[in-house]
Novice: 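The structure is given below, and queries will be raised subsequently.
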Amino acid sequence: MTDAATLRNELLEIIGKNPSGHTDPKVIEDFSSKLMAYAATPGVESSDVIFAIGSSVYGIDLPPSKKRQNTNNDGSSSADAGDEKVIVDFDYMKQFMKDVFLTYGCTEEQAEISSDVLIEADKRGIDSHGLGRLKPIYCDRMDEGILWANKPIDIVKETETTALVDGNLGLGLYIGPYCMKMAIEKAKKHGVGFVAVQNSTHYGIAGYYTTMATDAGCIGFSGTNARPSIAPTFGVEPMLGTNPLCFGIPSDDEFPFVIDCATSVNQRGKIEKYARDGVETPRGAVIDNDGIERTDTEGILRDMVLGKCALTPVGGAGDKLGGYKGYGWATVVELLSTAFQSGPFGEDVCGVDRVTGQPRPMPLGHFFLAIDIESLCPLDTFKKNSGNLLRALRESKKSPKGPGRIWTAGEPENDARVARFAQGGMEVPKVLQKNMVELRNKRPGLKEKYAKLPFE
């Protein structure tokens, strides 16, 4: 049986050699047969962009879950389970994710905190970073041996106000809270605390960490690097991650001001959505090796896999709309995630061995800053001042062509939280139902505890 890496390379070769292959029946047939074989190979991730290209470019809708079906006790296919979206209680979902982490050897504390980071994303309406990341980003990577559960956290160097921490390629979902807690404790003693991290992994939503700070009466600041996706202004090669830059500032509103966003115009997931919707990608969001600002969504997806195009920073390609500003902010995050740590960047954190096609570890860097507000002024005074400004922004004159409302950062997430608690929890779409079924059936002890999931 041909291994997954070989099949994937053969698929990439078909894409690269046949730019108009989507109009050639023979090419489509060849691509389809190899994609079927690739989908049936153990260890293939459903999130692999190859399947998005198959669907949007070649019209072949074949995610691996359709080829590798598990069988339930009653003989039915797990891929047939849960065809309808259902509302699942947050406590139930968090416990399920916690139990999954426990099966990988996480301690009780590691599993509790890691599942809390994920469920918080779902509570805030950031569905891309909650349950949706459990299997493809964390479980699959632990299965592949490029991320490890229950790794020790080592303090490499420490002062009263700073620390350099080594995560040893353990769960970033646990490393992140550990380090922000350390930064907050230092800030409470000395006014400010800063912690840099090396050898970590994907740490979930950056807003989780800055909210830890705001809950403690501090200003929070955090960021992380990621696999290379963004080209420098006037460049075409992916060099920087989508590198989120996140601030959290307390307010006397019901929610803090939390701005958590990537430093690129778009992310690949957004482009995949454009393909599903059959619309063009906005000009300026993607640039190819010839310096052309691309809008052909299907071609973009194909060429991103081949390394022939890159995302642009906030502001877009070139400097006409200030793309150099987003490039600069993405670089700030990359510097703070690698310079203290002597950490890798670019191709060294791409997650794939370019020669063999096999997955490899992605040693990421993070940083966490906490500033104790009480060291400068009374917390209530600060919160009132912040709230006055934020309310003035929301109450300012609205555009007659807009939605009739102005939001401030953190407010949309609070709206989502209120709405989701009112409906009794979170919606679980079909693809995530299938992920839950697969994890339940595969991980030891889960089949007994979760004999019947809410959508079964």
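As the structure is a computational prediction, the values presented were derived from the model and not from experiment.
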Novice: Under the side chain to side chain donor-acceptor pair (under 3.5 Å) criterion, do Thr210 and Ser222 qualify, and how do the steps go?
Specialist: CA-CA 7 Å; Thr210 58; Ser222 182; over 6 Å; no
Novice: Would you confirm whether Thr107, through its side chain, and Asn150, through its main-chain N or O, come within 3.5 Å as a donor-acceptor pair?
Specialist: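 The answer is no, because no donor-acceptor pair under 3.5 Å joins these two groups.
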Novice: Could you give me the CA-CA distance, side-chain angles and deciding distance for Leu364 and Val349, then say whether side chain to side chain contact (heavy atoms under 4.5 Å, CB included) is met?
Specialist: CA-CA 7 Å; Leu364 301 182; Val349 291; 4.3 Å; yes
Novice: Any chance the rings of Phe368 and Phe221 have centres within less than 6.0 Å?
Specialist: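 Judged by ring-centre distance (under 6.0 Å), Phe368 and Phe221 do not meet the cut-off.
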Novice: For side chain to side chain contact (heavy atoms under 4.5 Å, CB included), just list the numbers for Glu456 and Leu453, CA-CA rounded to whole Å, side-chain angles, deciding distance to a tenth of an Å, and then say yes or no.
Specialist: CA-CA 5 Å; Glu456 293 183 309; Leu453 293 165; 3.5 Å; yes
Novice: Do Lys447 and Lys442 touch side chain to side chain, with heavy atoms closer than 4.5 Å?
Specialist: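 No. Closest side-chain heavy atoms not under 4.5 Å.
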Novice: Quick check: do Val258 and Phe247 have side-chain heavy atoms less than 4.5 Å from each other?
Specialist: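 The answer is no, as the side chains (C-beta and beyond) never meet within the 4.5 Å cut-off.
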Novice: Verify, without hydrogens or angle tests, whether Arg141 (side chain) and Leu147 (backbone) share a donor-acceptor contact under 3.5 angstrom.
Specialist: no
Novice: Answer yes or no: is there a side-chain heavy-atom contact under 4.5 Å between Asn199 and Pro363?
Specialist: yes
Novice: Minimum heavy-atom separation for Leu245 to Thr263, with atom names?
Specialist: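 For Leu245 versus Thr263, the nearest heavy atoms are CB-CG2, 4.4 Å.
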Novice: Please check: side-chain N/O of Ser337 versus main-chain N/O of Glu334, any donor-acceptor pairing under 3.5 Å?
Specialist: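 No, because the side chain of Ser337 does not come within donor-acceptor range (under 3.5 Å) of the backbone of Glu334.
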Novice: In Å and rounded to the nearest 0.5 Å, what is the CD to CG distance from Glu120 to Asp122?
Specialist: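 Atom-to-atom, Glu120:CD and Asp122:CG are 9.5 Å apart.
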Novice: Would you say CG of Leu321 has more than 12 non-hydrogen atoms from neighbouring residues, nucleotides or ligands within 6.0 angstrom?
Specialist: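 No.
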Novice: Taking it one step at a time, do Asn225 and Asn243 satisfy side chain to side chain donor-acceptor pair (under 3.5 Å)?
Specialist: CA-CA 5 Å; Asn225 65 340; Asn243 298 5; over 6 Å; no
Novice: Is the closest side-chain heavy-atom distance between Asn435 and Pro136 below 4.5 Å?
Specialist: yes
Novice: Just so I know, are the side chains of Lys383 and Ser386 near enough to count as touching, which here means a heavy-atom distance under 4.5 Å?
Specialist: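 In short, these two side chains do not touch, never coming nearer than 4.5 Å.
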Novice: Above 12 or not: heavy atoms from other molecules or residues under 6.0 Å from NZ of Lys189?
Specialist: no
Novice: Tell me whether the count of non-hydrogen atoms from other residues, nucleotides or ligands lying under 6.0 Å of NZ in Lys181 goes above 12.
Specialist: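 Open.
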Novice: Using a 6.0 Å cut-off, check whether atom NZ of Lys188 has over 12 heavy atoms from anything other than its own residue.
Specialist: yes
Novice: Going by ring-ring contact (aromatic ring centres under 6.0 Å, His included), name the pairs with one or both residues in residues 410-441, residues two or more places apart or in two chains.
Specialist: Phe90-Phe421
Novice: Please determine which of Glu109, Lys151, Glu112, Gln110 meets the side chain to side chain donor-acceptor pair (under 3.5 Å) test together with Tyr174.
Specialist: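 Answer to the side chain to side chain donor-acceptor pair (under 3.5 Å) test with Tyr174 among Glu109, Lys151, Glu112, Gln110: Glu109.
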Novice: May I ask you to say whether Asp140 pairs ionically with Arg133, meaning some side-chain N is under 4.0 Å from a carboxylate O?
Specialist: no
Novice: Show your reasoning for whether side chain to side chain donor-acceptor pair (under 3.5 Å) applies to Tyr208 and Asp116.
Specialist: CA-CA 9 Å; Tyr208 184 92; Asp116 192 61; 2.6 Å; yes
Novice: What are the two closest heavy atoms between Ala275 and Thr297, and how far apart are they?
Specialist: N-CG2, 3.5 Å
Novice: Run the numbers on Tyr274 and Asn266 for side chain to side chain contact (heavy atoms under 4.5 Å, CB included), then give the verdict.
Specialist: CA-CA 11 Å; Tyr274 292 147; Asn266 270 334; 3.3 Å; yes
Novice: Parallel, tilted or perpendicular: which describes the rings of His366 and Tyr203, with under 30° parallel and over 60° perpendicular?
Specialist: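 Plane angle under 30°, so parallel.
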Novice: Can a salt bridge be assigned to the pair Asp260 and Arg124 using a cut-off of 4.0 Å between side-chain N and carboxylate O?
Specialist: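 A salt bridge is absent here (no side-chain N lies under 4.0 Å from a carboxylate O).
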Novice: Does Phe345, at its CZ atom, have more than 12 non-hydrogen atoms belonging to other residues, nucleotides or ligands within less than 6.0 Å?
Specialist: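 No, not enclosed.
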Novice: Can you find a pair of side-chain heavy atoms, one from Thr281 and one from Arg294, that are under 4.5 Å apart?
Specialist: no
Novice: Centres of the Phe96 and Phe101 rings: under 6.0 Å?
Specialist: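 Not under 6.0 Å, so no.
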Novice: List the residues meeting side-chain contact (heavy atoms from CB on, under 4.5 Å) with Gln95, not counting sequence neighbours, and say none if there are none.
Specialist: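 Gln95 satisfies side-chain contact (heavy atoms from CB on, under 4.5 Å) with Lys98, Asp99, Lys449, Tyr450 only.
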Novice: Closest approach of Ala196 and Gln341, non-hydrogen atoms and distance?
Specialist: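 Scanning both residues completely, I find the closest heavy atoms to be CB-NE2, 3.8 Å.
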Novice: Is the side chain of Gln423 donor-acceptor paired with the backbone N or O of Gly425 at a distance under 3.5 Å, no angle test?
Specialist: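 Here the side-chain-to-backbone pair exists.
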Novice: Would the distance check show the side chain of Arg227 and the main-chain N or O of Gly351 forming a donor-acceptor pair, the cut-off being under 3.5 Å?
Specialist: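 Not a single qualifying donor-acceptor pair exists.
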Novice: To the closest 0.5 Å, what do you measure between OG1 (Thr338) and CD (Gln198)?
Specialist: 11.5 Å
Novice: Under 4.5 Å between any side-chain heavy atoms of Ser229 and Thr242, yes or no?
Specialist: yes
Novice: Using the ring of each side chain (for Trp, its six-membered ring), is His129 parallel, tilted or perpendicular to His202, with breaks at 30° and 60°?
Specialist: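 The rings of His129 and His202 sit tilted, inter-plane angle from 30° to 60°.
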Novice: Looking at Glu254, I'd like to know if its CD atom is crowded, meaning that more than 12 non-hydrogen atoms belonging to other residues, nucleotides or ligands lie closer than 6.0 Å.
Specialist: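 No, because the 6.0 Å sphere around CD of Glu254 holds 12 heavy atoms or fewer from other groups.
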Novice: Does Arg391 come within less than 4.0 Å of Asp252, counting only side-chain N to carboxylate O?
Specialist: yes
Novice: Enter the distance from Phe255:CZ to Asp415:CG here, rounded to the nearest 0.5 Å.
Specialist: 7.0 Å
Novice: I need the minimum non-hydrogen distance between Gly105 and Ala149, along with the two atoms involved.
Specialist: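 Of all heavy-atom pairs spanning Gly105 and Ala149, the closest is C-CB, 4.4 Å.
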Novice: Looking at Val197 and Cys179, what are the two nearest heavy atoms and their distance?
Specialist: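 Heavy atoms only, the tightest pair is CG2-SG, 3.5 Å.
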Novice: Side chain to side chain contact (heavy atoms under 4.5 Å, CB included) for Leu118 and Leu134? Distances and angles first, verdict last.
Specialist: CA-CA 8 Å; Leu118 292 181; Leu134 175 65; 4.1 Å; yes
Novice: Hey, what do you get for OG1 (Thr201) to CE (Met362), rounding to the nearest 0.5 Å?
Specialist: 8.5 Å
Novice: Do Leu131 and Met97 have side chains that get closer than 4.5 Å, going by heavy atoms?
Specialist: yes
Novice: Is a salt bridge present between Glu411 and Arg405, judged by a nitrogen-to-oxygen distance below 4.0 Å?
Specialist: yes
Novice: Can you check whether Ala111's main-chain N or O pairs, donor with acceptor, with Ser114's side chain at less than 3.5 Å?
Specialist: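 No: the side chain of Ser114 does not pair with the backbone of Ala111.
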Novice: Nearest 0.5 Å, please: how far is CD1 in Ile371 from CG in Leu369?
Specialist: 4.5 Å
Novice: Which value, rounded to the nearest 0.5 Å, describes the distance between Ile153 atom CD1 and Leu171 atom CG?
Specialist: 10.0 Å
Novice: Does CZ belonging to Phe340 count more than 12 external heavy atoms closer than 6.0 Å?
Specialist: no
Novice: How close do Asp372 and Ala187 get, counting heavy atoms only, and between which atoms?
Specialist: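 Reported closest heavy-atom pair: CB-O, 3.4 Å.
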